[in-house]
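Sequential numbering from 1 along the given sequence is applied to the chain's residues. In listed order, ligands and their atoms are each counted from 1.
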Amino acid sequence: MLTITDPSDMRVWSNRAASTGRTIGFVPTMGALHEGHLALIAEAAERCDAVVVSIFVNPLQFNETTDFDSYPRPIDDDIAVCSAAGVSAVYAPTARAMYPEGFQTRVVPGALADRMEGPGRPGHFEGVVTVVAKLFGAVRPDAAIFGQKDFQQLAIVTAMAADLDMGIEIVGHPIVREPDGLAMSSRNVRLTPTQRSAAVCVPRSLDAAISAAGHVDATAGSVTGAAAQVIAAEPLARLEYSTVFDADTLEEFNSDDSLRQSGADRVLRIATAVWFDDVRLIDNRPLAE
Ligand code: AMP
């Protein structure tokens, strides 16, 4: 397995792979790899001949410098994990290689970025699509696999690839969870053992929401209210939001909106963001499974 740190070296590797007729499946990550990332790698390997994993903690997409500084970076372990998983190449560019002096171009996402996570995290999705466009330019994949854990990110990247005629298939992979239901995340290692036990309230709040959605007179408010109650019962947790949204348009429902009248062909999901001290966890699930 090769580790490549320079965008032009990455492009040379990819062009060579393509010239021998091999397709490239790409998994962009920020490292601190866990089973969720490994599931994406396995999906890429099923779809394509060669798998490239990028590891880059992208400063453009962080709103808080403390979150950026404290983001785990176990690069040697990550490289060993990729090698054991049969990855062909790890692309781990330096921040200087990605954003050299004079760097000035950004990709601007559309309306999908103005909803849900967008307003609370100004510039976040612009940072995400800018780095993903750069990674796509260096890796030149046939398919790229993204987790449904970051559901809005998946929708925005799918729109970018289509809108900018990138010719890259964007594939969404289901959320991989710990045995107690907590969605796997690189940020979970930052939880203290007590916070980690308390964090089970996040998936449980989504269970409660899904039960509430089964009532005939369910509204978006009754569903998010059921989720909020579970979080409120956990003293270590602070709810930032829970919201019911349309999985295709990301349009959020108002409290009074009835779920039954929303239209049978719409797929609805609930998403939530919950804080444990300075660690922010996100999760989402379809309301009908
Ligand atoms: P990250 O390293 O957190 O930026 O995540 C890299 C990719 O892995 C993104 O597409 C995430 O959505 C995906 N991912 C992270 N955690 C999970 C998970 N628990 N299940 C599925 N995909 C995940």
Side-chain angles (χ1 to χ4, degrees), residues 25-47 51-64 67-68 70-75 77-79 81-82 85 87 90-93 95 98 112 116-117 121 124-125 127-136 139 141 143-161 168-191 196 199-200 202-203 206 247 250 269 271-274 279-286:
F26 178 39
V27 180
T29 82
M30 296 203 297
L33 301 181
H34 50 65
E35 295 287 333
H37 297 114
L38 283 174
L40 270 53
I41 291 170
E43 167 116 39
E46 252 171 49
R47 290 172 175 268
V51 176
V52 176
V53 173
S54 66
I55 298 175
F56 180 62
V57 185
N58 174 34
L60 282 194
Q61 72 188 69
F62 280 79
N63 298 95
E64 314 275 340
D67 190 26
F68 176 71
S70 61
Y71 201 87
R73 292 169 169 86
I75 184 72
D77 292 351
D78 286 344
I79 288 172
V81 164
C82 287
V87 168
V90 166
Y91 178 41
M98 288 296 269
L112 291 175
M116 297 173 64
E117 294 264 299
R121 305 187 71 186
H124 169 69
F125 286 117
V128 168
V129 287
T130 299
V131 81
V132 170
K134 283 177 65 70
L135 294 168
F136 282 178
V139 176
I145 323 296
F146 289 81
Q148 289 181 344
K149 161 121 187 315
D150 300 279
F151 199 86
Q152 189 173 9
Q153 168 177 285
L154 168 62
I156 292 169
V157 168
T158 303
M160 172 185 74
I168 298 167
E169 185 187 0
I170 307 298
V171 179
H173 190 87
I175 299 177
V176 179
R177 298 177 178 279
E178 300 284 358
D180 68 358
L182 181 66
M184 290 194 180
S185 164
S186 306
R187 288 187 175 89
N188 292 353
V189 299
R190 293 193 50 224
L191 298 169
R196 170 62 190 83
V200 73
V202 179
L206 301 186
L250 304 190
R269 292 182 83 98
T272 191
V274 181
V279 182
R280 183 176 187 269
L281 302 182
I282 57 169
D283 201 347
N284 71 88
R285 273 177 66 183

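- Counting heavy atoms under 4.0 Å from ligand 1, residue H37 touches it through the side chain alone.
- Of all atoms in ligand 1, listed by their number and element, those nearer than 4.0 Å to a heavy atom of M184 are 16 (N), 17 (C), 18 (C), 19 (N).
- With a 4.0 Å heavy-atom cut-off, ligand 1 is reached by the side chain of H34 but not by its N, CA, C or O.
- Near F146, with a cut-off below 4.0 Å to any heavy atom, the atoms of ligand 1 are 10 (O).
- Residue-level proximity to ligand 1 for A39 is absent, since no heavy atom of it falls below 4.0 angstrom.
- For ligand 1, the atoms sitting less than 4.0 Å from at least one non-hydrogen atom of V176 are 18 (C), 19 (N), 20 (N), 21 (C), numbered in the order shown with element in parentheses.
- Residue contact annotation: P174 has a non-hydrogen atom under 4.0 Å from ligand 1.
- Residues V52 and P141 are not in side-chain contact: their nearest non-hydrogen atoms beyond the backbone lie 4.5 Å or more apart.
- Residue contact check: P28 has heavy atoms under 4.0 Å from atoms 6 (C), 7 (C) of ligand 1.
- By the 4.0 Å N-to-carboxylate-O rule, R280 lies close enough to E117 to be salt-bridged with it.
- For Y71, every heavy-atom contact with ligand 1 shorter than 4.0 Å involves the side chain, none the backbone.
- The closest donor-acceptor contact from the side chain of D283 to the backbone of T272 lies at 3.5 Å or more, if one exists at all.
- For the pair F146 and V132, the minimum side-chain heavy-atom distance is below 4.5 Å.
- Neither the backbone nor the side chain of S185 comes within contact range of ligand 1; no heavy atom lies under 4.0 Å.
- Within the 4.5 Å cutoff, the side chain of L38 has no heavy atoms near those of the V176 side chain.
- Note: H173 NE2 to I145 CD1 = 9.0 Å, rounded to the nearest 0.5 Å.
- Contact check for I170 versus L154: side-chain heavy atoms found under the 4.5 Å cut-off.
- Here the straight-line distance linking atom CG of L112 with atom OG1 of T158 works out to 9.0 Å at 0.5 Å rounding.
- Taking a cut-off of under 4.0 Å to the non-hydrogen atoms of I175, the atoms of ligand 1 that pass are 20 (N), 21 (C).
- Contact annotation for V27 and ligand 1: no heavy atom of the residue comes within less than 4.0 Å of the ligand.
- Near G147, meaning under 4.0 Å from one of its heavy atoms, ligand 1 places the atoms 9 (C), 10 (O), 11 (C), 12 (O), 13 (C), 22 (N).
- In this structure, atom 12 (O) of ligand 1 lies nearest to the protein heavy atom D150 OD2, 2.6 Å.
- Geometrically, R73 engages F68 in a cation-pi contact, judged by NZ or CZ lying under 6.0 Å from the ring centre and within 45° of the ring axis.
- Nearest protein heavy-atom contact of atom 4 (O) of ligand 1 is M30 CG, 3.6 Å.
- Using a distance-only test at 3.5 Å, with no hydrogens or angles considered, no donor-acceptor pair links the side chain of K149 to the main chain of A183.
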